[in-house]
2 protein chains.
Amino acid sequence: MGNVYRFVEPVVLLLLKKKGRSYGYDLSSDLQDFALTDAEIERAALYRTLRQLEGNGNVRSEWETDKAGPARRVYRLTAKGERHLEEWATVLDNLSKSMARFVKDTRATLRK
Amino acid sequence: MGNVYRFVEPVVLLLLKKKGRSYGYDLSSDLQDFALTDAEIERAALYRTLRQLEGNGNVRSEWETDKAGPARRVYRLTAKGERHLEEWATVLDNLSKSMARFVKDTRATLRK
DNA sequence: TTCCAATAGATGCAGAAATCATCTATTTCG
DNA sequence: CGAAATAGATGATTTCTGCATCTATTGGAA
């Protein structure tokens, strides 16, 4: 089960919406709490997802150098990214319902 | 979005449980009706999934040559396959619920 | 002051998986 | 006869994943 299956993208979008602005290393701590599966999300996958989201215009980033420690690439959602999150909500709502139906059907079938 | 994401495996397992016995070409017609997403499931993916399920001992197959038309590789569930379907039901039940929570959270967050 | 751990971002690469086209063969039907 | 439907399958290219590894900055322990 890969990263698509782990739904890294929508979780990152939601976290950014909640936090307003954040950066990879910070996101990686909260990621697991909001994840849709308990499979671990690697940091490598997170960084790649963030750059990919930026490539699609769903987030924007800038370097933050005024804080202590190594420089941080700070991201925030764009308007497009917010719409993208809404779309994800629709997709996942449908998927959730269709899975629930599948489970019900499966259990009924197995009981017979 | 690949075949894992399309959840081809559990759908095939359920169909075989419902039908008792079936073969690739026959399954491919019903597959779309039971699929968890409306992304098309290719026949190539179906055949590969079936052989893979057989490799894992979840289904067994034999050639059926007495019917009209080209020979058919007819599959049925093994006991292991039935347990595997139960496991899938558990996984998808959890996933469905965690998606529902995610959607609720997302919509509440977006509304603010 | 030296060195380790934590923070922060990222890439390289082998192997796995997905996509898309293509192939073979059998049978039915106009 | 030849086209279409049935049936199963593979080859090749691209993409994705998993794991290891790399660079750099800073705080704090020894």
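So that the names make sense, note that chain A is the first sequence line, chain B the second, and so on, each numbered from 1.
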Using a cut-off of under 3.5 Å, enumerate the N/O to N/O pairs linking the protein to nucleotides 1-8 of chain C.
unit_1	atom_1	unit_2	atom_2	d
C:dT7	OP2	A:Tyr25	OH	3.2
C:dA8	OP1	A:Tyr23	OH	3.1
C:dA8	OP1	A:Arg72	NE	2.8
C:dA8	OP1	A:Arg72	NH2	2.5
C:dA8	OP2	A:Tyr23	OH	3.1

With B:Asp93 as reference, evaluate A:Arg101, A:Arg107, A:Lys104 under the salt bridge (charged side-chain N to carboxylate O under 4.0 Å, His left out) test and give the passing residue. A:Arg107
Between atom CZ in A:Arg51 and atom P in C:dT11, what is the gap in whole Å? 7 Å
Without decimals, in angstroms, what is the distance between B:Glu9 CD and C:dA18 C1'? 16 Å
Considering residues at least two apart in sequence or located in another chain, which fulfil the side-chain hydrogen bond (donor to acceptor under 3.5 Å, both in side chains) criterion with A:Asn94? none
Return whichever of A:Lys67 or B:Arg48 has its heavy-atom-nearest nucleotide of DNA chain D closer to the 5' end. B:Arg48
Integer-rounded Å distance: C:dA17 P and B:Arg6 CZ: 15 Å
Between B:Leu77 and B:Asn58, is a side chain to side chain contact (heavy atoms under 4.5 Å, CB included) present by the stated rule, with each step listed? CA-CA 6 Å; B:Leu77 269 191; B:Asn58 292 303; 5.6 Å; no
Rounded distance in Å - CD (A:Glu42) to C1' (C:dC13): 14 Å
Can you check the B:Gln52 CD to C:dA17 C1' distance for me, whole Å? 10 Å
Just how far, in rounded Å, is C1' of C:dG9 from CD of A:Glu64? 14 Å
Using only heavy-atom distances, determine whether the side chains of B:Thr78 and B:Arg60 contain a donor-acceptor pair under 3.5 Å. no
B:Gln32: what forms a side-chain hydrogen bond (donor to acceptor under 3.5 Å, both in side chains) with it, not counting sequence neighbours? none
Nucleotide of D:dA20, C:dG9, D:dA9 approaching A:Trp63 most closely (side-chain heavy atoms): C:dG9
Report yes if some heavy atom in the side chain of A:Tyr75 is under 4.5 Å from a heavy atom in the side chain of A:Glu62; otherwise report no. no
Could you state the CG-P distance from B:Leu50 to D:dT10, rounded to the nearest angstrom? 13 Å
